[in-house]
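Following: one structure in structure tokens, then a few remarks.
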Amino acid sequence: MNKPEKLVLVGNGMAGVRTIEHVLKLAPGAYDMTVFGAEPHPNYNRIMLSKVLAGGTDMKDIIINDRDWYAENGIRLFTGDAVASIDTVHRKVVSASGVVSDYDKLIIATGSNPFMLPLPGVRKEGVIGFRDIHDCEMMIEASKKYKKAAVIGGGLLGLEAARGLLNLGMDVTVVHLNKYLMERQLDPPASEMLQRELEAQGMSFLLEKQTAAITGKRRADGLEFSDGSRLQADLIVMAVGILPNVELAKSAGLQVNRGIVVNDFLETSVPGIYAVGECAEHRGIAYGLVAPLYEQGAVLAKHLAGVETSGYAGSVTSTKLKVSGVDVFSAGMFNDAPDTRSLRYQDDIEGVYKKIVMKGERMIGAVLFGDTSDGTSLFSLIKSGESVTGREKELLLGYPAGQTSASPLARLEAYSVDEIICGCNGVTKGRIMEAIADGCSTVGKIKACTKASGSCGGCRPEVEGLLSIYGGEGAGEPVKEGICGCTTMDRDEIIEKIKEMHLVSVKEVMNVLGWNEPEGCSKCRPALNYYLGMLWPSEYKDEKESRFTNERFHANIQKDGTYSVVPRVYGGVTSPADLKRIAAVAEKYDVPMVKFTGGQRLDLLGVKKEDLPKIWEELDMPSGHAYGKALRTVKTCVGSTFCRFGTQDSIGMGIQMEKAFERLNTPAKVKLAVSGCPRNCAEATIKDLGVVAIDGGWEIYVGGNGGVKVRESELLCTVKTEEDVMEWTGAYLQYYRETANWNERTSVWIERIDLDEVKAALESREERLALVSRIEETLSYTTDPWKEIIDNPELRKNFMPLAEAGTGEGLGARRS
């Protein structure tokens, strides 16, 4: 029997150890293996660092191969002991602690280092990169002492760091040199949609900003930009890119450009030495994504095992990931060029964007946002180079023309066996099929056997689909849809548990009900915040950080970063004094535009954030809640007051309703209207609730919508008096508040539960009065948010300009 050769791996990361895993399978016993790692940990999944940072995952949960695995496979492991030198003549390596190890074959997999911008102050305390467990630990410690962080870099790594710091309770601003976030993975429309979603989660952004220096004495206290502006920050995280870690190879005399130069078999310029992963440069490219690194490792393993292989020819890269809870995918050349044509689908309501790019008959690139289910099949077409002529719309939509839905299972079944399903761990469809055939009858067993879905979890739906196709009867686990990916519980179950156990905070709900993401996400946090406030109006304190940006700043943010101010104008009726006040404020603060809204109000557009409290104070008018999930407007016509057709006082009725229900938090925005006669000049029949005057009474219509999907309202009832209108309106709004899903408009809600159910629920006057009593109790605890901020110096600090905030006089711009 041949004596095993000595194989030494320098670098205990994902690419190098994956290569070792393949060698163990292809040539068991062929090598006596030694692994050196600079970090004090066994092999772990670097992709999951953001979850460790966020506190939702422990270090043990991201370990790929624990110390027992090395021992079981006869591998000597030295952790926390980097290799300091390579003797290529005598074929041996020497570690920092003095360990000497001979080799016959040597794999260098030293990965990469975070690129630190050469800025004045970069060596100050409080300035770190984001690359390993140690960086995570430093950020976690910093979050216990400090509250304001700046992340330089709006790429994937920077956004992951920002999300983690946000979950640690820090106020986070992402500074990015480019005009768009993640420009290497997304085109401008997808990037803008991502930014809106992340702003809703609480992140702030400074785009097209070049950092000139890091300020502070011994410890960093902020950033200074090339335009002279400043940003206060107690923690600076650099996430502007990576550099292949080539110092060891360079000192050993290997050929090095940006990375360690390798051929198609991952051989370096020195015989017997190989390089794989982020430190390697193949055909002029150093890859930073995990899938190409695993492809390199598979080729190198075959070469080392003596298995015939055609070599590594490079990778067409794709990125399928979840950025702060948002699914994104990109592949190939997705930006438009003069010789390309593209097809797009965009739905801002559902948060879905799809784009495919063609060159000639071939698809050369794709971008998906929100719905990435077609990513694998599109990537397969990009790699194959086959003609897509005549199928462009089908590929964009995910189903053939003429159909209204696609079958995800049919798509999965059509994938080739070598299609990568789990990009994080390089697991193919064929490998999952083998595992299912070998008896893996649940997703958990497939994960344990193949590692598929064991990292970011983004491929779990595909794994579940393959299990249902190839697992036979009885295979799989029932998959239950919750209100979001953090829980399997639906809205009704959550509310029942909150009432049953009297849970009174968002954190308590998540802990007690077993959220799998301890900090929740942008879907469940606002929902829980609403449900708790609806159930316990007297004791629950609204959690501002669980609200979207508009609701935290009580103004609508515009695309240029300014805000709009819409004061309350009851029933659309104003006075000369109010008009003069609005005009004076607009002139004083150089408001670029004053516009009448569709709801008969005045909108001051282009207001700077720092001017908001001053404008509110000088207007001395209530907030119109134009930014919130609340009562927006009550639109009226002139009615019997002036109109010759008017049968009732629609103005008076509208003002009465608006004053009664202003400041009411609702599952989604609510718009009302009152028309003084059936001619319906106030458009009452396309509102959430509309009142139409008739001879001797009023008709109440509900469930209308004049937005993207127009829906005509339906008649709820006919009543005689204004008191009846108020009673039925209060009862209806409270019933909607208590039974609708969060973010569900009345038009969608009423189609889901049916108008007859609403009529039955409100038929009894006793029940109507009980509902009215509950809505009145809720309203008794509300205050005008503008006045609350005006009167509270601490809250006003949140609106200070960056220059003032940088002097330590303010708390920053995110929390309110």
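No experiment lies behind these values; they were computed from the predicted model shown. The figures that follow rest on heavy atoms only: side chains count, while hydrogens, waters and symmetry mates do not.
With a 4.5 Å cut-off on side-chain heavy atoms, Lys6 and Arg91 do not count as touching. Between Ile273 and Leu106 the shortest side-chain heavy-atom distance falls below 4.5 Å. Side-chain contact between Glu39 and His134: absent, with no pair of heavy atoms (C-beta onward) separated by less than 4.5 Å. Using a 4.5 Å heavy-atom cutoff, the side chains of Met203 and Val151 are not in contact. Residues Leu119 and Leu223 form no side-chain contact, since every pair of their non-hydrogen atoms from C-beta on lies 4.5 Å or further apart. When side chains are defined from C-beta on, Trp69 counts as touching Val17, because their heavy atoms get closer than 4.5 Å. In this structure, the side chains of Leu467 and Ile432 stay at 4.5 Å or more apart for every pair of heavy atoms. A 4.5 Å side-chain heavy-atom check between Gln195 and Leu207 finds at least one atom pair inside the cut-off.
Scored by the ring pair (Phe, Tyr, Trp, His ring centres under 6.0 Å) test, Phe265 finds His303 as partners (sequence neighbours excluded). Taking the salt bridge (charged side-chain N to carboxylate O under 4.0 Å, His left out) definition, one finds that Arg131 meets it with Glu278, sequence neighbours left out. The salt bridge (charged side-chain N to carboxylate O under 4.0 Å, His left out) test applied to Asp32 returns Arg76, not counting sequence neighbours. Phe130 is linked by a ring pair (Phe, Tyr, Trp, His ring centres under 6.0 Å) to nothing, counting only residues two or more places apart in sequence or in another chain. Judged as a ring pair (Phe, Tyr, Trp, His ring centres under 6.0 Å), and not counting sequence neighbours, Tyr287 has no contacts.
The pair Glu160-Arg163 does not meet the salt-bridge criterion, since no charged nitrogen lies less than 4.0 angstrom from a carboxylate oxygen. Contact check on Asp171 versus Lys148 returns a salt bridge, with a Lys/Arg side-chain nitrogen under 4.0 Å from an Asp/Glu carboxylate oxygen.
Distance alone, capped at 3.5 Å, places no donor-acceptor pair between the Ser330 side chain and the Val367 backbone. Judged by distance alone, with hydrogens and angles left aside, the side-chain atoms of Tyr31 form no donor-acceptor pair with the main-chain N or O of Val23 at under 3.5 Å. Formation of a donor-acceptor pair under 3.5 Å by the Asp135 side chain with backbone atoms of Asp132 is found in this model.
For the atom pair CD1 of Ile133 and CD1 of Ile62, the computed distance is 4.0 Å after rounding to the nearest 0.5 Å. Considering CD1 of Ile64 and CE of Met14, their distance stands at 4.5 Å, rounded to 0.5 Å. Rounding to the nearest 0.5 angstrom, the gap separating the CG atom in Leu177 from the CG atom in Leu206 is 12.5 Å. With rounding to the nearest 0.5 Å, the separation of CG in Leu165 from OH in Tyr146 is 14.5 Å. From Lys145, atom NZ reaches atom CD of Glu141 across 7.0 Å, with rounding to the nearest 0.5 Å. Separation of atoms CG (Leu304) and CG (Leu266) is listed at 9.0 Å; rounding is to 0.5 Å.
The stretch residues 234-260 participates, sequence neighbours left out, in these side-chain hydrogen bond (donor to acceptor under 3.5 Å, both in side chains) pairs: Asn257-Glu281.
Between Lys124 and Lys217, the shortest heavy-atom distance links the atoms NZ-O, 3.0 Å. For Leu368 against Gly375, the heavy-atom pair with the smallest separation is CD1-N, 3.5 Å. Closest approach of Ala109 and Leu9 over heavy atoms only: CB-CD1, 3.9 Å. The two residues Tyr70 and Asn43 have their closest heavy-atom pair at OH-CB, 3.0 Å. When all heavy atoms of Ala301 and Thr19 are compared, the pair lying nearest together is CB-O, 3.7 Å. In this structure, Ala212 and Pro120 approach most closely via the heavy-atom pair O-CD, 3.3 Å.
Side-chain contact check for Asp264 and His282: at least one donor-acceptor pair (N or O, by modelled atom type) lies under 3.5 Å. Under the 3.5 Å distance criterion, with hydrogens and angles disregarded, no donor-acceptor pair is assigned to the side chains of Tyr312 and Thr309.
Counting non-hydrogen atoms of other residues, nucleotides and ligands closer than 6.0 Å to CE of Met116 gives a total above 12. Shown here is Lys302, whose NZ atom has no more than 12 heavy atoms of other residues, nucleotides or ligands within 6.0 Å. The neighbour count for Arg184 CZ, taken as heavy atoms of other residues, nucleotides or ligands under 6.0 Å away, does not exceed 12. Atom CD of Glu208 is surrounded by more than 12 heavy atoms from other residues, nucleotides or ligands within 6.0 Å.
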From CA spacing to verdict: side chain to side chain contact (heavy atoms under 4.5 Å, CB included), Tyr274, Lys105: CA-CA 8 Å; Tyr274 305 83; Lys105 303 283 175 63; 3.8 Å; yes

Residues Phe225, Leu231; criterion side chain to side chain contact (heavy atoms under 4.5 Å, CB included); working and verdict: CA-CA 8 Å; Phe225 302 111; Leu231 174 71; 3.9 Å; yes

Going through the distances and angles, do Ile20 and Asn65 end up as a side chain to side chain contact (heavy atoms under 4.5 Å, CB included)? CA-CA 11 Å; Ile20 293 294; Asn65 295 298; over 6 Å; no

Side chain to side chain contact (heavy atoms under 4.5 Å, CB included) between Leu24 and Ile75, intermediate numbers included: CA-CA 10 Å; Leu24 289 169; Ile75 302 171; 4.3 Å; yes

